[in-house]
Amino acid sequence: MARLAPPRDPVTLRFDGEEVVAERGEPVAVSLLAAGDAVLARSAKFHRPRGPSCLRAACDGCLARVDGEPNVMTCRVPAAEGVEVETQNVVGSRDTDLLRMADWFFPEGMNHHELFAGVPGVQRVMQAFARRVAGLGRLPRDAAPPQRATRRAADVLVVGAGAAGMMAAVELARRGRKVEVVDDALAWGGSVRALPGAKEWDPVLDAFGDALRGGRLAVRLRTTAAAVYGEDVLVAGLEGVEVVNPRTLVLAPGAHDGVLAFEGNDVPGVMSARAGGWLLAGGVTPGKRVVVAVAEGGGPFGDAFARVHAARTRARAAAAGDAPPGEVLVVREAPIAVKGSGRVKSVVFAGREGGEGGERREERCDALLLDAPRSPAYELCAQAGAELAHEPRGFVVRTGPGGRVREGVFAVGEVVGTPLDPASIARAVAELAPLA
């Protein structure tokens with residue numbers, strides 16, 4: 001991976017003692033990827049290499065120890081001067097973890113509870129050893145001070161600062177409601193930010209930014225709506241934990257990245273196309289040769305990535321007078337295997353596209369972006385009492401008239417199956433009952 005341009009506001013991090021130059025405020029995981037570190041973590045039991053796959057705190061590929069705190073999602077930590085990042089769960093180094101031998105000795109998997117079962121004394125020793133080498137991280141160096149939990153009321157609470165959340169918040173604020181938006185990301189915009197160059201979204205971003213700067217709504221980032229309990233919402237953020245009782249709750253959590261089942265789908269360098277779009281928006285290309293696999297029902301992130309990547313790398317090459325820093329191949333087919341261990345080396349397709357007689361074909365690459373149908377992030381809606389309908393992509397929230405889940409609670413956007421395009425979401429927002 002590499003940057004398409006030097007950082008405009010550089011800061012220096014330390015990753016396992018080595019200095020890494022980063023863009024101030026970008027996710028630390030992006031900083032490490034841009035520096036060429038594809039392996040940021042190890043799996044808990046077999047210590048297999050892991051790298052970020054989603055950049056939205058939904059995988060374990062970017063877990064690390066940050067400033068002494070274990071198990072931190074580095075995709076949710078902004079880069080700042082002097083941040084200390086350490087690989088956890090290794091004996092040796094992040095590139096050569098001696099505990100990886102467990103994976104070599106037991107390639108078909110291992111249940112340590114049954115290993116040497118019935119052998120007096122040995123099973124207990126093996127279980128003790130397994131507990132020492134497994135798990136995630138060591139306890140923090142310092143105990144965190146206790147924080148007070150508070151309770152308060154609110155007029156409108158919007159969960160999610162993506163496309164639907166932004167549009168609903170702006171419209172509610174325009175109608176005189178006091179709106180606050182919470183999102184666990186480092187910046188508002190959600191999936192829209194993963195579509196660099198998509199001009200059709202500019203009015204949405206501009207309207208939300210204008211409302212925010214004008215004080216017509218408030219947004220709290222790095223803040224998670226963790227659960228819905230009756231009329232209350234449990235909210236956890238940098239300021240602590242609070243229980244919010246909103247008069248109106250609008251749930252716009254969006255969708256999870258689609259996951260495809262194939263050999264090697266957890267190898268570092270395999271990422272969602274949406275994550276690739278966020279990287280590209282931050283001026284980072286995920287590899288020298290990137291394959292984008294667009295599965296049936298996927299989009300729009302894979303095609304957007306390929307289009308913008310081509311334009312930006314050509315522009316960089318023209319300015320520098322050299323060859324473009326990478327190339328992208330788009331394949332409209334789901335892969336069947338990835339080859340590689342510490343990093344993607346190639347991806348294998350069944351050969352329906354361009355192959356003869358169903359022959360498999362292999363494409364060399366160092367990054368694979370998957371654009372598969374996304375699964376609605378229905379969890380909070382279900383806690384609020386929403387009805388769910390199962391579809392091939394996952395559970396979709398079913399609402400009543402006006403997007404109503406129940407009295408005072410509404411859902412909008414991809415979570416209810418609305419396509420990710422401005423016109424579709426605008427129509428859905430216009431029908432929200434709180435706007436009447």
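None of these values were measured; they are calculated from a predicted model.
At a cut-off of 3.5 Å, with distance as the only test, no side-chain donor of T12 or E19 sits close to an acceptor on the other residue. Side-chain contact annotation: H256 with E379, donor-acceptor N/O pair under 3.5 Å present. When only modelled atom types and interatomic distance are considered, E23 and S31 share no side-chain donor-acceptor pair under 3.5 Å.
Within 6.0 Å of CD in E296 there are 12 or fewer heavy atoms belonging to other residues, nucleotides or ligands. Annotation for R138: atom CZ does not count as buried by contact number, only 12 or fewer foreign heavy atoms lying within 6.0 Å.
Side-chain atoms of T418 do not come within 3.5 Å of backbone N or O of I425 as any donor-acceptor pair. With hydrogens and angles disregarded, no donor-acceptor distance shorter than 3.5 Å links the side chain of E81 to the backbone of L13. Without hydrogens or angle criteria, R3 side chain to P6 main chain gives no donor-acceptor distance under 3.5 Å. Checking side-chain atoms of D371 against main-chain N and O of G299 turns up a donor-acceptor pair under 3.5 Å. Using modelled atom types, no side-chain atom of D366 and backbone atom of V290 make a donor-acceptor pair closer than 3.5 Å.
Between F410 and G402, the closest heavy-atom pair is CD2-O, 3.6 Å. Annotation for A163 and W201: closest pair CB-CZ3, 3.6 Å, computed over non-hydrogen atoms. Nearest heavy atom pair, residue L157 against residue P246, reads CB-CB, 3.9 Å.
Remark: R193 qualifies as a cation-pi partner of W188 under the 6.0 Å distance and 45° angle criteria applied to the six-membered ring.
Using a cut-off of 4.0 Å between Lys/Arg side-chain N and Asp/Glu carboxylate O, E391 and R398 are scored as salt-bridged. At a threshold of 4.0 Å, the pair D184-R76 counts as salt-bridged, since one of the basic side-chain nitrogens sits closer than that to a carboxylate oxygen. Note on D266 versus R50: salt bridge recorded, some NZ/NE/NH1/NH2 to OD/OE distance being below 4.0 Å. Electrostatic pairing of K339 and E263 does not count as a salt bridge here, judged by no charged N lying under 4.0 Å from a carboxylate O. With respect to the salt-bridge test (charged N to carboxylate O, under 4.0 angstrom), the residues R274 and D257 qualify. The existence of a salt bridge linking R361 and E363 is confirmed by a sub-4.0 Å separation between a basic side-chain nitrogen and an acidic carboxylate oxygen.
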Begin from the C-alpha positions of R289 and L329 and carry the test side chain to side chain contact (heavy atoms under 4.5 Å, CB included) through to its verdict. CA-CA 8 Å; R289 177 170 170 80; L329 172 67; 3.7 Å; yes
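The closest side-chain heavy-atom distance from L172 to V179 is below 4.5 Å.
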